[in-house]
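By convention in this document, chain letters (A, B, ...) are assigned in the order of the sequence lines, proteins followed by strands, and residues within each chain are numbered from 1. Side chains are part of it too, since the values below use all heavy atoms of this structure and drop only hydrogens, waters and symmetry mates.
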4 protein chains.
Amino acid sequence: MAKSDKRDKVVRAALELIAERGYHGAPMAMIAEQAGVGAGTIYRYFENKDALIIDLYREIDERIYAAIMAGYAPEKPIRERFHHIITVLMRYFIEHPSDFRYLGQFHNSPYGAEVRRNIILSNNGDNYIYRQLLEEGVSQQVIKDLPMVVLFALAFGPLKAVVRDHILGFITLDDAMIEQIMEASWDGIRR
Amino acid sequence: MAKSDKRDKVVRAALELIAERGYHGAPMAMIAEQAGVGAGTIYRYFENKDALIIDLYREIDERIYAAIMAGYAPEKPIRERFHHIITVLMRYFIEHPSDFRYLGQFHNSPYGAEVRRNIILSNNGDNYIYRQLLEEGVSQQVIKDLPMVVLFALAFGPLKAVVRDHILGFITLDDAMIEQIMEASWDGIRR
Amino acid sequence: MAKSDKRDKVVRAALELIAERGYHGAPMAMIAEQAGVGAGTIYRYFENKDALIIDLYREIDERIYAAIMAGYAPEKPIRERFHHIITVLMRYFIEHPSDFRYLGQFHNSPYGAEVRRNIILSNNGDNYIYRQLLEEGVSQQVIKDLPMVVLFALAFGPLKAVVRDHILGFITLDDAMIEQIMEASWDGIRR
Amino acid sequence: MAKSDKRDKVVRAALELIAERGYHGAPMAMIAEQAGVGAGTIYRYFENKDALIIDLYREIDERIYAAIMAGYAPEKPIRERFHHIITVLMRYFIEHPSDFRYLGQFHNSPYGAEVRRNIILSNNGDNYIYRQLLEEGVSQQVIKDLPMVVLFALAFGPLKAVVRDHILGFITLDDAMIEQIMEASWDGIRR
DNA sequence: GATGAATGAGGGTTCATTCAT
DNA sequence: GATGAATGAACCCTCATTCAT
């Protein structure tokens with residue numbers, strides 16, 4: 001409807017601009033213009049720029065969660081589930097490079113520190129699914145017995161690095177390559 | 001002395017403030033104050049804020065390179081050299097968390113994109129040592145035959161993630177843990 | 001109204017301040033204050049200070065042109081038309097001393113050099129009317145056969161000097177005096 | 001000697017830079033550099049920038065006065081003396097365009113207003129020679145009976161305008177042209 | 001005397017936010 | 001609700017001037 005419509009346009013414009021130009025390079029007036037909306041209108045949906053930035057983060061997070069849950073089969077073996085997650089994540093980011101770049105900026109900004117706490121500690125959100133998987137793997141002695149934080153790093157660290165290089169054009173990730181990277185990541189965490 | 005003195009104070013203040021508060025949160029006036037220096041003084045050493053930011057990046061880069069080269073033995077086996085590099089890097093970042101956070105911000109900013117190209121492609125700087133090692137490992141069939149970019153991701157991606165979590169207080173990296181992480185990273189790249 | 005309103009106030013404030021105090025002595029903040037406007041508002045109407053300065057010049061130029069064209073009769077004899085122009089110009093400047101002083105500053109600044117080229121060479125603007133008159137006078141052998149630039153100097157040089165002295169209070173130009181000056185200028189160019 | 005030497009270099013550098021770039025474009029540091037002198041050194045000879053600017057004006061004024069007095073014959077007829085003055089002035093400015101441009105800037109700045117008062121009213125300086133000549137001409141009924149200020153305007157107004165256009169490249173003043181301009185100026189003031 | 005590094009007030013400009021329409 | 005003109009605090013940077021060497 002009307003309301004959601006404008007809000008959406010704002011969110012999309014903000015995503016694109018911030019991803020491409022950083023927080024610096026994306027003033028509210030520019031976001032408004034790109035969204036085809038009055039500058040004041042943004043403040044009807046977001047209390048201020050910070051709120052917009054944080055909200056935008058949450059929306060991206062949710063989309064990623066949804067992407068992973070679509071087709072996720074909790075009853076399948078650990079390795080297959082790991083395969084699913086890594087593959088979906090890489091494909092998602094490749095198809096939504098702005099989301100990826102936005103997250104990169106977000107996590108390395110003062111905003112990110114606080115939010116990250118939840119990613120690690122909370123029992124909800126998309127994060128839970130990862131943790132559950134890894135914990136299960138540990139208890140089944142399929143995955144190395146390392147702190148959760150370390151397993152996260154081993155599982156997702158390479159993914160993140162490789163996706164960035166893909167987006168920057170230093171490598172092209174086709175299905176075969178994704179497979180190999182997933183395999184190598186698995187080598188990192190598996191017993 | 002005189003010259004280096006002020007310049008150094010500026011660099012240190014900028015590093016600390018930007019690491020902690022982001023580019024946003026570190027106006028030139030604040031950097032000057034923290035450095036105990038007049039605002040105009042900064043411009044005697046750096047053409048503008050961008051130049052300061054890029055210079056600061058270079059200095060950090062050099063310090064890291066120096067840290068790695070101290071004690072690096074090119075004649076030792078691949079695995080040992082890998083061990084050295086990963087261990088030194090982790091320790092360096094743990095001891096210099098501001099450097100780590102600064103780099104995080106830098107790489108995820110418009111500044112970083114350009115610089116990163118060199119990291120990947122150039123044949124000089126500290127990067128060369130990494131690449132040489134990995135290439136050697138590939139040709140000796142000790143390391144997986146994957147694109148350089150992917151090997152970088154597998155080698156350093158986990159490191160980066162885990163160091164961040166250490167700095168944020170989500171985990172404490174002692175020597176034993178560093179060893180285990182290094183081991184797991186090696187599992188990721190080794191054949 | 002709304003738009004013209006603020007813009008106009010800015011232009012008037014800038015004119016007054018720059019005329020009186022020079023470019024130096026008229027910072028944007030002062031112009032804004034005198035205009036009763038926020039500092040940022042100026043930038044809604046002018047890209048930067050230079051643009052304001054040049055625009056202001058153009059507006060003055062147009063007003064002068066309009067003043068001359070009102071009552072200008074192209075069919076009248078050369079001398080009468082010359083009389084009209086000189087008289088109107090002197091009266092205009094006497095009534096608008098800020099305009100005069102602004103022009104003086106403008107022409108003797110780096111801005112002026114470029115603009116002056118057009119004044120001499122172009123075929124449009126108020127300048128055209130002067131040139132046409134003088135060329136006609138030359139071809140009718142009423143006016144000395146000298147380069148256009150020289151005729152301009154002879155026609156308007158004294159006017160400019162005398163108006164400045166009037167504004168500075170060294171002389172008072174009443175109608176009789178204006179008439180005499182016009183007459184003497186005519187002696188300078190007439191055959 | 002040493003002292004005059006440095007002072008002179010400063011004055012020359014200031015003249016050149018201000019003439020070419022305006023007061024804006026000639027910071028003290030730039031003047032110092034162009035003069036081959038330390039920035040602080042300027043303040044040994046001039047109290048501040050304003051003092052330098054005014055002093056520089058005076059020096060130019062003196063040079064012009066000297067140029068006129070060289071070869072000036074008070075016993076010659078009015079017209080010949082007028083011829084001498086106008087010719088020398090034009091030649092001087094053509095040979096010293098920086099002096100001319102400097103004066104243009106000076107007179108149209110806040111500095112100029114005060115100084116100009118003396119030019120008109122005082123009984124000393126080079127100005128006196130002009131006035132004496134014109135007054136003599138009036139009393140001999142060779143020159144129009146107009147206020148001194150007006151005669152100045154008629155005598156020097158065209159000169160100034162024409163020299164500027166020469167310097168800007170809109171006309172080239174050779175000896176013949178100088179003669180004609182002088183002649184026309186004379187027509188303006190003579191009875 | 002001479003220097004030029006250091007200073008910091010002040011200048012031009014941007015931009016998040018508000019509010020009258 | 002929506003707009004976008006208006007605001008002014010805050011930013012980056014310059015530059016006249018000082019003063020320790």
> What is the base-pairing partner of F:dA20, counting Watson-Crick and G-U wobble geometry with both distances under 3.5 Å?
Replying inline: E:dT3
>> Less than 4.0 angstrom between a side-chain N/O of D:Tyr45 and OP1 or OP2 of E:dA2, yes or no?
In response: yes
>> Less than 4.0 angstrom between a side-chain N/O of B:Tyr43 and OP1 or OP2 of E:dT7, yes or no?
In response: no
>> Short of 4.0 Å, heavy atom to strand atom, which residues of residues 10-26 of chain C count as contacting DNA chain F?
In response: none
> When you measure from every atom of DNA chain F, which of residues 29-41 of chain A have a heavy atom less than 4.0 Å away?
Replying inline: A:Val37, A:Gly38, A:Ala39, A:Gly40, A:Thr41
>> Please compare C:Ile42 and B:Asn48 by the position of their nearest nucleotide in DNA chain F and report the one closer to 5'.
In response: C:Ile42
>> If we ignore hydrogens and angles and just use 3.5 Å, is the side chain of D:Gln105 paired with the main-chain N or O of C:Ser109 as donor and acceptor?
In response: no
> Is the number of heavy atoms from other residues, nucleotides or ligands under 6.0 Å of C:Glu20 CD greater than 12?
Replying inline: no
> Under the ring pair (Phe, Tyr, Trp, His ring centres under 6.0 Å) test, which residues partner A:Tyr102, sequence neighbours left out?
Replying inline: none
Is any side-chain N of the basic residue among [X] and [Y] closer than 4.0 Å to the acidic one's carboxylate O?
X        : Y       : result
D:Arg101 : D:Glu16 : no
B:Glu59  : B:Arg7  : yes
A:Asp61  : A:Arg58 : no

> Have A:Tyr111 and A:Asp50 got a donor and an acceptor in their side chains that come within less than 3.5 Å?
Replying inline: yes
> Is any side-chain heavy atom of A:Phe93 less than 4.5 Å from a side-chain heavy atom of A:Arg164?
Replying inline: no
>> Classify the ring geometry of C:His24 against D:His24: parallel below 30°, tilted from 30° to 60°, perpendicular beyond 60°.
In response: perpendicular
Proximity to the side chain of [X] - top-ranked nucleotide from [options]:
X       : options                : answer
A:Lys6  : F:dA16, F:dT3, F:dC12  : F:dT3
B:Lys49 : E:dG12, E:dT17, F:dC13 : F:dC13
D:Pro27 : F:dA2, F:dC15, E:dA16  : F:dC15
B:Arg44 : E:dA5, E:dT7, F:dA2    : E:dA5

> With a non-hydrogen cut-off below 4.0 angstrom, is B:Met28 in contact with a base, only sugar-phosphate, or nothing?
Replying inline: sugar-phosphate
